[in-house]
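Comments concern the structure below.
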Amino acid sequence: MPAENKFIAIHPHCALKHLEEPCLYDINNDELYELGQDAYHFLVRCSQGERPVVRKEDEEFIQYCLSENLIRWADTPLRKKQFIRRSPIPSLRYLELQLTDRCNLQCRHCYLGESGHQDLSFDQVLRAMREFEEMQGLRLLLSGGEPLLHPQFWRVNDLLMDYDFRSVLLSNGNLITKEVAKRLRAREVQVSLDGMKEGHELLRGTDTFRKALMAIDHLQEAGIQLSVATMIHRGNLTEFDTLAKLIQSRKIEEWNIDQPCFDGRLRQNEGLLVPPAEAGRYLQYGFGGGLHTSGSNATCGAHLCAVLPSGMVAKCGLFSAEPVGSVDEGLRACWEKIPRIDLTSLECRCKIFEECKGGCRFRAMSNGGLLKPDLFECYARAVLKGGE
């Protein structure tokens with residue numbers, strides 16, 4: 001242990017959060033550390049610039065935090081801005097801000113359909129981000145459309161590092177040049193890559209594959225953490241093994257794989273759909289990431305909501321037709337109106353349904369209703385096998 005005249009400072013990339021339980025959140029690495037009450041109050045005092053008395057029983061905790069690069073020794077008191085207040089229960093941990101429905105592509109699977117040229121106002125974005133931080137939020141997802149097309153995107157971008165949450169930009173990558181990558185302040189960018197050249201461009205159009213790969217290279221050169229999102233469709237099923245090697249070669253940290261929702265433009269392109277019995281196994285290619293759950297007995301969306309380009313708030317972007325209110329009323333007020341679905345109310349009866357939390361409720365609706373099993377998860381986890 002250092003000399004007694006040293007102070008303990010929480011690293012700038014970490015933030016105290018009071019969710020269902022008190023935690024310390026490593027924003028850079030997206031790691032959440034649960035804290036006991038004593039440890040939490042110890043770190044609160046440190047964040048306020050105090051020099052707390054270090055007892056012998058504290059030494060192991062301090063050494064662990066030092067080894068994880070969560071705290072450091074300082075010669076002078078370092079106060080850190082913290083919203084030390086308890087979150088609503090359940091906590092809102094993930095907020096999707098659909099900044100705009102404008103897009104530079106005409107993807108054949110897009111559930112949003114044609115653009116209505118709607119944009120969240122800058123004031124609405126600012127209010128949502130402030131309230132999300134006050135509500136102890138962890139991860140802000142900036143989506144669209146293509147979020148880079150928001151008329152005031154760069155004003156929003158320049159504020160991202162001022163908040164104690166992790167910002168993730170969801171983009172098709174086609175507008176990310178080397179200069180754009182250098183200007184971005186999001187801690188992570190997720191680029192859509194829906195197969196190799198043939199499969200990707202079947203959805204997104206000519207030359208979009210090359211541009212997406214260039215965006216990945218530019219982002220890595222800029223030192224921004226990267227993830228990839230892939231939609232399962234009829235034209236990319238034979239490309240997953242090759243795509244997996246490509247993603248591995250680019251050192252992508254997370255690969256999210258999903259099934260497009262039958263809405264928007266996909267209704268005119270039904271031939272792209274892959275049924276659950278065939279598509280389920282491709283979900284297993286994904287890796288990395290994960291959710292910071294509270295152990296609650298709720299289904300998907302227990303800690304998530306979305307602000308739509310219209311300013312309305314919904315359970316998630318897929319449930320845009322069922323908003324609960326406007327962000328102008330206040331994010332917290334809307335969050336408290338989000339409908340919750342208890343796991344025990346689902347028509348899932350397999351032995352592992354608590355592991356997948358019943359999967360996606362929007363996908364379940366294609367199986368006959370909100371409480372039905374999500375068959376894609378059932379096949380992905382071999383609860384069902386092809387043909388059943």
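- Side-chain N or O atoms of Arg361 include none that pairs as donor or acceptor with a backbone N or O of Ile341 at under 3.5 Å.
- For Arg185 (side chain) and Arg183 (main-chain N/O), a donor-acceptor pair under 3.5 Å exists by modelled atom type.
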Ile176 vs Ser171, test: side-chain contact (heavy atoms from CB on, under 4.5 Å). Steps then yes/no.
CA-CA 9 Å; Ile176 300 179; Ser171 174; 3.8 Å; yes
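- Side chain of Glu20 to main chain of Ser91: a donor-acceptor pair is present (N/O by atom type, distance under 3.5 Å, no hydrogens or angles).
- To the nearest 0.5 Å, atom OG1 of residue Thr242 and atom CG of residue Leu246 are 9.0 Å apart.
- Other residues, nucleotides and ligands contribute at most 12 non-hydrogen atoms within 6.0 Å of the CG atom of Asp75.
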Check against side chain to side chain donor-acceptor pair (under 3.5 Å), Gln106 and Arg265
CA-CA 9 Å; Gln106 294 281 316; Arg265 292 198 193 99; 3.1 Å; yes
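- Side chain of His11 to main chain of Leu70: no donor-acceptor pair is present (N/O by atom type, distance under 3.5 Å, no hydrogens or angles).
- Here the shortest heavy-atom pairing between Asp194 and His200 reads N-ND1, 3.0 Å.
- Glu57 CD: more than 12 foreign heavy atoms inside a 6.0 Å radius.
- One N or O on the side chain of Lys17 and one on the backbone of Gly137 form a donor-acceptor pair closer than 3.5 Å.
- Remark: Gln248 CD is loosely packed, at most 12 non-hydrogen atoms of other residues, nucleotides or ligands lying under 6.0 Å away.
- Proximity of a side-chain donor or acceptor of Gln225 to a complementary backbone N or O of Asn28 within less than 3.5 Å is detected.
- With hydrophobic clusters built from ILVMFWY side chains whose heavy atoms lie under 4.5 angstrom apart, Leu203 does not share a cluster with Leu237.
- A 4.5 Å side-chain heavy-atom check between Leu169 and Ile224 finds every atom pair outside the cut-off.
- Side-chain contact annotation: Trp255 with Thr230, donor-acceptor N/O pair under 3.5 Å present.
- Taking 4.0 Å as the cut-off between side-chain N and carboxylate O, Arg127 and Asp123 do not count as a salt-bridged pair.
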Any chance you could lay out the side chain to side chain donor-acceptor pair (under 3.5 Å) test for Tyr33 and Glu68, step after step, and finish with the verdict?
CA-CA 10 Å; Tyr33 299 81; Glu68 293 290 299; 2.7 Å; yes
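- Residues forming a ring pair (Phe, Tyr, Trp, His ring centres under 6.0 Å) with Phe132 (at least two apart in sequence, or on another chain): Phe165.
- Environment of CD in Glu34: sparse, with no more than 12 heavy atoms of neighbouring residues, nucleotides or ligands closer than 6.0 Å.
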Going through the distances and angles, do Leu159 and Phe122 end up as a side-chain contact (heavy atoms from CB on, under 4.5 Å)?
CA-CA 11 Å; Leu159 294 173; Phe122 181 75; 3.7 Å; yes
Could you give me the CA-CA distance, side-chain angles and deciding distance for Asn269 and His109, then say whether side chain to side chain donor-acceptor pair (under 3.5 Å) is met?
CA-CA 7 Å; Asn269 296 283; His109 69 296; over 6 Å; no
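- Counting all heavy atoms, side chain and backbone alike, Gly199 lies closest to Asn236 at CA-CB, 4.4 Å.
- The neighbour count for Lys182 NZ, taken as heavy atoms of other residues, nucleotides or ligands under 6.0 Å away, does not exceed 12.
- The shortest heavy-atom contact between Pro373 and Cys378 is CB-SG, 4.0 Å.
- Pairing each heavy atom of Trp73 with each of Ile8, the nearest pair is CZ3-CG1, 3.3 Å.
- Remark: the backbone N or O of Gly205 is paired with a side-chain donor or acceptor of Thr208 at under 3.5 angstrom.
- Counting only distance, with no hydrogens or angles, the side chain of Arg349 and the backbone of Leu346 share a donor-acceptor pair below 3.5 Å.
- Side-chain atoms of Asn367 never come within 3.5 Å of backbone atoms of Asp374 as a donor-acceptor pair (strictly under, hydrogens ignored).
- In terms of hydrophobic clustering, with Ile, Leu, Val, Met, Phe, Trp and Tyr side chains grouped at heavy-atom distances under 4.5 Å, Met312 and Leu112 are assigned to different clusters.
- In this pair, Phe240 and Tyr285 present their aromatic rings tilted. The plane angle is within the 30 to 60° band.
- Taking the ring centre of Trp335 as origin, the terminal cationic atom of Arg340 falls inside the region bounded by 6.0 Å and 45° from the ring axis.
- Remark: Gln152 engages Arg155 in a side chain to side chain donor-acceptor pair (under 3.5 Å) (not counting sequence neighbours).
- The environment of Glu329 atom CD is dense: over 12 non-hydrogen atoms of other residues, nucleotides or ligands sit within 6.0 angstrom.
- In this structure a side-chain-to-backbone donor-acceptor pair under 3.5 Å is missing from Gln136 to Arg93.
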Report the C-alpha distance between Glu201 and Thr206 in whole Å, list the side-chain angles of each, state the deciding distance to 0.1 Å, and finish with yes or no for side chain to side chain donor-acceptor pair (under 3.5 Å).
CA-CA 6 Å; Glu201 295 190 356; Thr206 303; 5.1 Å; no
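- Between the CZ atom of Arg332 and the CE atom of Met135 there is a distance of 6.0 Å, given to the nearest 0.5 Å.
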Asp328 and Gln124: side-chain contact (heavy atoms from CB on, under 4.5 Å), yes or no, with the steps?
CA-CA 7 Å; Asp328 296 326; Gln124 287 175 319; 3.3 Å; yes
Between Leu16 and Ser47, does a side-chain contact (heavy atoms from CB on, under 4.5 Å) hold up when you go through it step by step?
CA-CA 9 Å; Leu16 287 167; Ser47 73; 4.2 Å; yes
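- Proximity of the aromatic rings of His18 and Tyr40 is defined here by a centroid distance below 6.0 angstrom, and this criterion is met.
- Residues Val228 and Gln190 approach most closely at C-CG, 4.2 Å, considering heavy atoms.
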Kindly list each side-chain donor-acceptor pair under 3.5 angstrom involving residues 97-104, sequence neighbours excluded, with atom names and distances?
| from | atom 1 | to | atom 2 | distance (Å) |
| --- | --- | --- | --- | --- |
| Gln98 | NE2 | Glu96 | OE2 | 3.3 |
| Gln98 | NE2 | Tyr111 | OH | 3.3 |
| Thr100 | OG1 | Arg102 | N | 3.0 |
| Thr100 | OG1 | Gln118 | O | 3.2 |
| Thr100 | OG1 | Asp119 | OD1 | 2.6 |
| Asp101 | OD1 | Ser115 | OG | 3.2 |
| Asp101 | OD1 | His117 | N | 3.0 |
| Asp101 | OD1 | Gln118 | N | 2.8 |
| Asp101 | OD2 | Gly116 | N | 2.9 |
| Arg102 | NE | Asp119 | OD1 | 2.9 |
| Arg102 | NE | Asp119 | OD2 | 3.1 |
| Arg102 | NH2 | Asp119 | OD2 | 2.8 |
| Asn104 | OD1 | Asn172 | ND2 | 3.0 |

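- Note on Leu226 and Ile257: same hydrophobic cluster, where clusters join Ile, Leu, Val, Met, Phe, Trp and Tyr whose side-chain heavy atoms are under 4.5 Å apart, directly or indirectly.
- Side chains of Gln268 and Arg108: a donor-acceptor N/O pair is absent below 3.5 angstrom, by distance only.
- In this structure the side chain of Phe42 never reaches within 4.5 angstrom of the side chain of Leu35, judged on heavy atoms.
- The two residues Val180 and Leu175 make their nearest non-hydrogen contact at CG2-O, 3.6 Å.
- A continuous path of Ile, Leu, Val, Met, Phe, Trp and Tyr side chains, each step under 4.5 Å between heavy atoms, connects Leu149 with Leu120, placing both in one hydrophobic cluster.
- Side chains of His292 and Asp30: a donor on one and an acceptor on the other come within 3.5 Å.
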